[in-house]
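Each remark here refers to the structure printed beneath this line.
Counting starts at 1 for both ligands and their atoms, in listed order.
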Amino acid sequence: MPRYIVVAGGVMSGVGKGVTTASIGKILQEYGYKVSSVKIDPYLNFDAGTLRPTEHGEVWVTDDGGEIDQDLGTYERFLNIDIPRRNNLTTGQVYKAVIDRERQGEYLGQTVQFIPHIIDEIKDRIKKASNSYDFIIVEVGGTIGDYENIPFLFALKSLERDIGKQNVSYFLVTYLPIPSHIEEMKTKPTQQAIRLLSEHGIFPDFIICRAKRALDTPRKKKIETYANIASENVISEPDIETVYQIPLDLEKEKLGEKILKEFGMKAKKSPDWSEWKKLVDNILKPKKTVKVAIVGKYIDIGDYALADSYLSINQSLLHAGASLNAGVEIDWLDSKKFEDSKKSLNELKDYDGIIVPGGFGSSGVEGKILAANFARANKIPYLGLCYGLQLAVVEFARNACGLKDANTTEINPKTSSPVIDVQPAQKEILEKSMYGGTMRLGQYAAVLKDKSQVLKLYEETGRLKEDEKRINELVKDKSQAFRLGILEKGRKIALERHRHRYEVNPKFVDLLEKNGMVFSGYYERFDRTRLMEYVELPNHPFFIGTQAHPEFKSRLGNPSPLFYGFVKACGK
Ligand code: GLN
């Protein structure tokens, strides 16, 4: 039976509960255990698909097409596992499932109530996500004291009653402020968080104390007395330079051994942190540094611009850099600037590489197209992600194929050269304004072209082999294999995640190819329709675009092939 570790946050949000959850998982993996995580988001939205990324950070996409809060991404990046959508629970999903069942008459005359129906639904979902794992780490979103997470705490307590306290451990992640006018670390908010948690019958077994500085002994003692736990289970987690240091720091406090002791378990293997340490060292002290411009659309909220809306891209560059022992300095450039003054494009000369990330709508689009053109003309490494591929194709059609009016129909529905267009099935959805969960979402297979740069990168990084293993699992379910586009054996296939509506228009592929653009991978639908997945330009040091979002499959120690190739090219 799986053991459960519940992670709740006290004091305030944004102190690194997700990273702590992921780090606990990473530690237990190092001790030889199979670990996965569940994220609870107490909002009423069904999923994160329609949330504003500037408020909640980027939307994370799972293999099976879930649009989820980015914490699931943090888990995948640390644990190097693929986590399915069912590992994310929202209040909206829970209530919807119960009400749908009631409408279908499944409760036969019963009064449907918070207890037991909602609680059972929550427990059921957590249990379903736990199959075949030794440990499941459940992160409760929000902060203790929020009205919204009460049902979930209640359900977890009930789960504890079902399976016994010996199989559940509670972590409280708190924050200890150091007000500048007194320069003293304060434990009071943590004490209050402990009390609030106890109102739910939950007494933490571990308290992780986030703060600017490490916790000193008097304060550790204070918390220990207040929470009535052993001081060795009050763990200090001060600010650090890179989040990937956290498992190492927590291990300095022997967290792994302490957790296993709590469950009465022993290590299955002795942890070997050498590889992880080397990667962290590379992040902290890289041998060289490359400079990358990400040309996108940026929205400020008040005085803060939220770089979190491109978090996965940041992380992917970091992972690629760590594997290549290169630091990546990132500048975020607003593409609108290039529209206002073409001269300002020359700024791009200062960069070793240019990325045009995913995006929607017309804001700053012409600036992004200008940036793609600049990268192509000046032989600066270019990586186009989703919209970044589409706009690179528009640029190429206009300036290398003479289709002056070329565009994506997302921007100009009346263009005479719709090189990027919507698939017929998506047209209907757009007409009906059905926006929730209706894009081309999740993992799809791309058949890679022999001798292409893209294929070489998937081979060089070992990803092709890894995907081969995934495919061998996936084809066991024929309908799944069909959906993904795994139609024949023996093809060289890459699996990446998607989130978009528009595609390269098949009608223009020949013309684009004649003028030198290489389509180095395609998705083949069961009706044999081909959708282009990768483009590249020979005679350019590195010019690659992908219709997918490879940033969702980048992990520390297992970087995304395209990011790896891009950072390598930037270093040359
Ligand atoms: N707006 C484009 C589309 O829907 C690109 C989406 C993206 O970059 N994720 O196809």
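The side-chain tip of R483 points at the ring of Y444 from less than 6.0 angstrom away and within 45° of straight on. Judged by the 6.0 Å distance and 45° axis criteria, R499 is not positioned over the aromatic ring of F552.
For the residue pair D405 / S417, no side-chain donor-acceptor distance below 3.5 Å is found, with atom types taken as modelled. Between the side chains of D41 and N88, at least one donor N or O sits under 3.5 Å from an acceptor N or O.
When E410, Q547, H498, R499 are checked for heavy-atom proximity to atom 9 (N) of ligand 1, R499 turns out nearest. Of the candidates G388, C386, A548, C386 brings a heavy atom nearest to atom 7 (C) of ligand 1.
Contact annotation: for H500 versus ligand 1, heavy atoms closer than 4.0 Å belong to both the backbone and the side chain. With a heavy-atom cut-off of 4.0 Å, Q390 touches ligand 1 through its side chain alone.
Minimum heavy-atom separation, I246 to S23: CG2-OG, 3.4 Å.
Heavy-atom proximity to H549, at under 4.0 Å, picks out these atoms of ligand 1: 7 (C), 9 (N). Atoms of ligand 1 lying under 4.0 Å from at least one heavy atom of R501, given by number and element, are 3 (C), 4 (O), 10 (O). Annotation for ligand 1: atoms under 4.0 Å from non-hydrogen atoms of G358 are 8 (O).
Counting protein heavy atoms only, atom 10 (O) of ligand 1 is closest to Y502 N, 2.8 Å. Protein heavy atom closest to atom 6 (C) of ligand 1, with residue, atom name and distance, is G359 O, 3.4 Å.
To the nearest 0.5 Å, atoms OH (Y244) and CG (N282) are separated by 14.0 Å.
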- Query: Yes or no on salt bridge (Lys or Arg N to Asp or Glu O under 4.0 Å) for D82 and R470, after CA distance, side-chain angles and deciding distance?
  - Reply: CA-CA 10 Å; D82 304 322; R470 287 191 175 97; 2.8 Å; yes
